[in-house]
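Note that the numbering runs from 1 along the sequence shown for the chain.
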Amino acid sequence: LGSDDHADRHPAIAFAADGALVAAWDSVCVDGSGCNVEVVSARSTDSGAHWAAPQVIAATVVGMSEYPKLGHDANGAVRAVWYDSRSDDWRWRVMTAVHDAMGNWMNVQMLPSRGVNTWPATDAGTVVFASTRNAQRLQRDRTQQIFLRSVAP
């Protein structure tokens, strides 16, 4: 699924309600500098024998997207979550998107939250993530808490 000219890592996989297999991972070009890490995905309708060309879930030229996880909404749709540095203050924020039956990623959104938000996971339309939201210091506070948030309609 990956590319010879990219560093591909942190894979995740899930079956969609229609039986399609969805894979996601983060990828960066193997080129000195100036390349951002992006979360990409591919879809297979034959249990992994053949895959559609990988696509970037939420392209950005101003940030990095890393560590995708796949889960399901209550209706069976595949949901991706990852953390991303495209916020106005460059702190890591959690992003989410829903995979539709045509293989497109829809409803891409950044979950608004204070602090540095990382290590998300998702299931049943809920996202859980670690955050420094209630840290006592603005920088380098080691305090982390786990937050749970509903994202399904």
Side-chain angles (χ1 to χ4, degrees), residues 1-131 133 146-153:
L1 293 179
S3 173
D4 290 342
D5 62 348
H6 281 71
D8 297 315
R9 58 202 185 150
H10 308 120
I13 196 162
F15 278 98
D18 64 1
L21 189 56
V22 180
W25 62 96
D26 58 48
S27 182
V28 64
C29 64
V30 181
D31 187 28
S33 63
C35 295
N36 287 339
V37 180
E38 297 179 309
V39 172
V40 298
S41 76
R43 175 183 170 94
S44 172
T45 57
D46 58 8
S47 297
H50 301 91
W51 292 86
Q55 63 176 319
V56 175
I57 294 179
T60 179
V61 295
V62 297
M64 298 200 196
S65 303
E66 297 187 70
Y67 295 98
K69 296 288 185 189
L70 298 178
H72 296 94
D73 281 352
N75 65 2
V78 173
R79 178 174 294 276
V81 293
W82 66 94
Y83 59 88
D84 194 290
S85 67
R86 74 181 76 197
S87 66
D88 291 339
D89 63 7
W90 286 84
R91 292 177 195 240
W92 293 103
R93 297 288 194 267
V94 173
M95 298 280 295
T96 182
V98 177
H99 191 262
D100 71 11
M102 300 302 294
N104 301 309
W105 289 96
M106 314 263 303
N107 303 326
V108 177
Q109 63 176 317
M110 179 183 298
L111 301 182
S113 183
R114 296 185 324 240
V116 175
N117 303 298
T118 55
W119 308 114
T122 186
D123 194 43
T126 302
V127 174
V128 62
F129 59 93
S131 178
R133 167 184 281 176
I146 303 300
F147 289 87
L148 183 80
R149 180 164 176 184
S150 177
V151 290

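- The CG atom of L70 sits 9.5 Å away from the CG atom of L21 when rounded to the nearest 0.5 Å.
- Tested against W119, the residues F129, F147, Y67 include a single ring pair (Phe, Tyr, Trp, His ring centres under 6.0 Å) partner, Y67.
- Residue pairs meeting the salt bridge (Lys or Arg N to Asp or Glu O under 4.0 Å) criterion with at least one partner in residues 49-70, sequence neighbours excluded, are R9-E66.
- Ring pair W25/H10: centre-to-centre distance not below 6.0 Å.
- The side-chain hydrogen bond (donor to acceptor under 3.5 Å, both in side chains) check on S27 picks up D8, with sequence neighbours excluded.
- Looking at every heavy atom in both residues, A52 comes nearest to A42 through O-CB, 3.6 Å.
- Atoms CZ and CG, from R93 and D84 in turn, are 10.5 Å apart once rounded to the nearest 0.5 Å.
- How far OG1 of T96 is from CH2 of W82: 6.5 Å, rounded to the nearest 0.5 Å.
- Partner R79 forms a side chain to side chain contact (heavy atoms under 4.5 Å, CB included) with one of N107, V151, T126 and no other, that one being V151.
- D18 is linked by a side-chain hydrogen bond (donor to acceptor under 3.5 Å, both in side chains) to R43, counting only residues two or more places apart in sequence or in another chain.
- Of all the heavy atoms in A16 and V78, the pair that sits closest is CA-CG2, 3.6 Å.
- Within the structure, side chain to side chain donor-acceptor pair (under 3.5 Å) pairs that include any residue of residues 46-57 comprise S44-D46, D46-H50 (at least two apart or interchain).
- When all heavy atoms of A7 and V30 are compared, the closest pair comes out as N-CG2, 3.5 Å.
- Between W92 and Y83, the ring-plane angle classifies as perpendicular under the 30° and 60° cut-offs.
- Here the closest non-hydrogen pair linking G63 and S85 is CA-OG, 3.4 Å.
- Distance alone, capped at 3.5 Å, places no donor-acceptor pair between the D73 side chain and the G76 backbone.
- Residues passing the side-chain hydrogen bond (donor to acceptor under 3.5 Å, both in side chains) test with S113 are R133, sequence neighbours excluded.
- The closest side-chain heavy-atom distance from D26 to P68 is below 4.5 Å.
- Nearest heavy atom pair, residue W105 against residue S41, reads NE1-OG, 2.6 Å.
- Applying the side-chain hydrogen bond (donor to acceptor under 3.5 Å, both in side chains) test to N117 and every residue at least two apart in sequence or in another chain returns S131.
- M95 contributes atom CE, which lies 8.5 Å from atom CG of L111 (distance to the nearest 0.5 angstrom).
- Counting heavy atoms from C-beta outward, E38 and V28 have side chains that stay 4.5 Å or more apart.
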